[in-house]
Amino acid sequence: MNEGQPETRDFIRQIIADDLAGGRHAVIITRFPPEPNGYLHVGHAKSICLNFGVAAETGGRCYLRLDDTNPLKEDQAFVDAIIDSVRWLGFDWGGGLTHASDYFPRIHECAGDLIRAGKAYVDSLSPEQMREFRGTLTAPGRESPHRSRSVAENLDLFARMRAGEFADGEHVLRAKIDMASPNINLRDPVLYRIRRATHQRTGDAWCIYPMYDFAHTISDAIEGITHSLCTLEFEDHRPLYEWFLDNLQLPARPRQIEFSRLNLAFTITSKRRLAELIDLGLVAGWDDPRMPTIAGMRRRGYPPEALRDFVSRTGVTKKEHLIQMSLLENCVREDLNVRGARAMAVINPLKVVLTNYPEGQVEMLPAANHPDRPELGERQLPFGRELWIEQDDFMEVAPNKFFRLKPGGEVRLRYGYIIRCVDLVKDEVGRVIEVHCTYDADTRSGLAGAERKVKGTIHWVSAAHAVRAEVRLYDRLFGVARPDGAEADFKTFLNPESLRVAPHAVLEPSLATAEPGTVLQFERLGYFVADRVDHRPTRPVFNRVVTLRDSWAKLEEAAR
RNA sequence: UGGGGCGUAGCCAAGUGGUAAGGCAGCGGGUUUUGAUCCCGCCAUCCGUAGGUUCGAAUCCUACCGCCCCAGCCA
């Protein structure tokens, strides 16, 4: 699946290679620890590829760990979606599917150990008071009046917290570290809070839940994680991570290493904001093909291989960055160019009548399914007197560089004949609604006459055989590179044209039977996938994955 | 004004004291019954800035500048 070693390794892989070479570890163990409070997105894809990738490359192991320490926000449906996404992306955790909640008993014991060692205490400040006592970025905090409670009192209080004797928020367990630390994470961080909520896995077994830093460090150690890879915002938490490792009796000492998260231009990767789009009905759901979620990209038709390639091309560093969409699109096109069978479809049809073609006659024209892969075979395209062509492929008044159909001009119909435009039919307002052409019978593909050169070749569908379809044309979700900048609400930057449905699209007949999820190239238009949810043979639905590169469009743009 | 990070091309990114890889984008050309693909060529006298060390610096030192993160009983 992964071809050879990259020539240069990122800094994390260098550290790991050194640790292996230096004998510090015999086996590398990593983990991907998402919180099941939403769907995974392209940013997670990077972490997945890194963690599972490193494990696979070194013959190690990677756990898929659901970090379920906050029952208020989490849901089994998200757990299922996460599992589905990771598997679809192409990774396997063997038996290593775990949950932070698996370790609740052990984490609870660790809390007791800390209390007995005089390194944790039950605090009874209100949240507001606690914030006040914490100090600011520049001013040290103050110690809580409850900081000096005796071990016995702390043990008693903590036991009663666990027993459900107190209301939510009445007490918390805190580590006793340093209220004057310049690192705010070390100013007696909360370890446990009371939350009378039913947990999706442990039910009502607990009414106290551990906080992220505490649960995460212990979970890592229990699983024997050697390298705990996370994003930059946790850099400040590393001293706390190490404090837990120093002050608890744990079976392993993982090393936390931070890398910068993957930011993609023209989109957002904030679960909160993605959820907002869904709640407001601005997109159809977590798997809407415009969403940067793994599920959305899957439905959009991005192959997992392309996503993995994309992630690997963006690298792993500590630099903040904003990756251009063109890189992702390039990876998708590169993969689909090889994978996708070719077919013909017309999105905005314009009628062409071949005035010298026998009425009622139908020919079957052979067409290759892939220009570079003969093993994919060919199909027979029905051809007749009336055809649909793309509106964009005809211009009544055309510039010199326009190589398609124009009055008096010739063009080749792909896999068919050369035709010449001889007449136009217009409606009341002067729009061309029909183009009359003559065809040159000697120029059918395969015949000697087909050698004749014409400037352009266009795609078409036989009107008598056309299958009507819904074709969904997707574009970037946002109109600006950084929708989550501070200038305005991100929703004001939504691209109103992110989804356009072509009302009259027609397909060559073979397309109706495409399996949902199949990606094809509609020649000259782009790559399209049969929607994995809505596509039916009786009502085909295709999503545009990405357009083809279009140097004509570029010329047009430059002319404007 | 505290602490933690980061600055190599339009966007990513190698580089670890010996004279700036690669990819994407862009530009020019060739092939082509997809204006696609494919192929060829071009694209940093310079590494945030200014000094310094050195025969030699993107790599070492000093100062400065810029950007990001941290004050949830979220993760």
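All values reported here derive from a predicted model rather than from experimental measurement. For the numbers below, each heavy atom of this structure counts, side chains included, while hydrogens, waters and symmetry mates do not. Proteins get letters first, then strands, A, B, ... in listed order; numbering begins at 1 in each.
Residue contacts shown for A:Arg404 include a base, since a base heavy atom lies under 4.0 Å away. Nucleic acid contact for A:His216: none, since no nucleic acid atom lies under 4.0 Å from a heavy atom of the residue.
Closest to the side chain of A:Lys319, from the set B:rA25, B:rG7, B:rG23, is B:rG7. Across B:rG35, B:rC70, B:rU34, the shortest atom-to-atom separation from the side chain of A:Ser551 is found for B:rG35. Closest approach to the A:Glu235 side chain among B:rA13, B:rG23, B:rG4 is made by B:rG4 (side chain taken as heavy atoms from C-beta onward). Checked against B:rG26, B:rU33, B:rG72, the side chain of A:Met211 finds its nearest nucleotide in B:rG72.
On a pure distance criterion of 3.5 Å, a polar donor-acceptor pair joins the side chain of A:Gln324 and the base of B:rG10. For A:Arg549 and B:rU37, a side-chain-to-base donor-acceptor distance below 3.5 Å is absent, hydrogens and geometry of angles not being considered. Interface remark: the A:Arg238 side chain does not form any donor-acceptor pair with the B:rG4 base, using a distance-only criterion of under 3.5 Å. Side-chain atoms of A:Asp550 stay outside donor-acceptor range of the base of B:rG35, with no qualifying N/O pair under 3.5 Å.
Two residues, A:Asp236 and A:Thr69, neighbour RNA chain B, and the one matched to the more 5' nucleotide by heavy-atom proximity is A:Asp236.
If you check the side chains of A:Arg476 and A:Thr267, you find no donor sitting under 3.5 Å from an acceptor. The closest side-chain donor-acceptor pair between A:Gln521 and A:Glu523, if any, does not fall under 3.5 angstrom. No side-chain donor from either of A:Glu35 and A:Tyr212 sits under 3.5 Å from a side-chain acceptor of the other.
Nucleotide B:rG72 holds its P atom 16 Å from the CG atom of A:Asn70, rounded to whole Å. Between the CG atom of A:Leu186 and the P atom of B:rC70 there is a distance of 17 Å, given to the nearest Å.
Remark: A:Arg149 fails to qualify as a cation-pi partner of A:Tyr121 under the 6.0 Å distance and 45° angle criteria applied to the six-membered ring.
Between A:Leu240 and A:Asn185 the shortest heavy-atom distance is CD2-O, 3.8 Å.
A:Tyr212 does not qualify as a stacking partner of the B:rA75 base, lacking a centre-to-centre distance under 5.5 Å together with planes within 30°.
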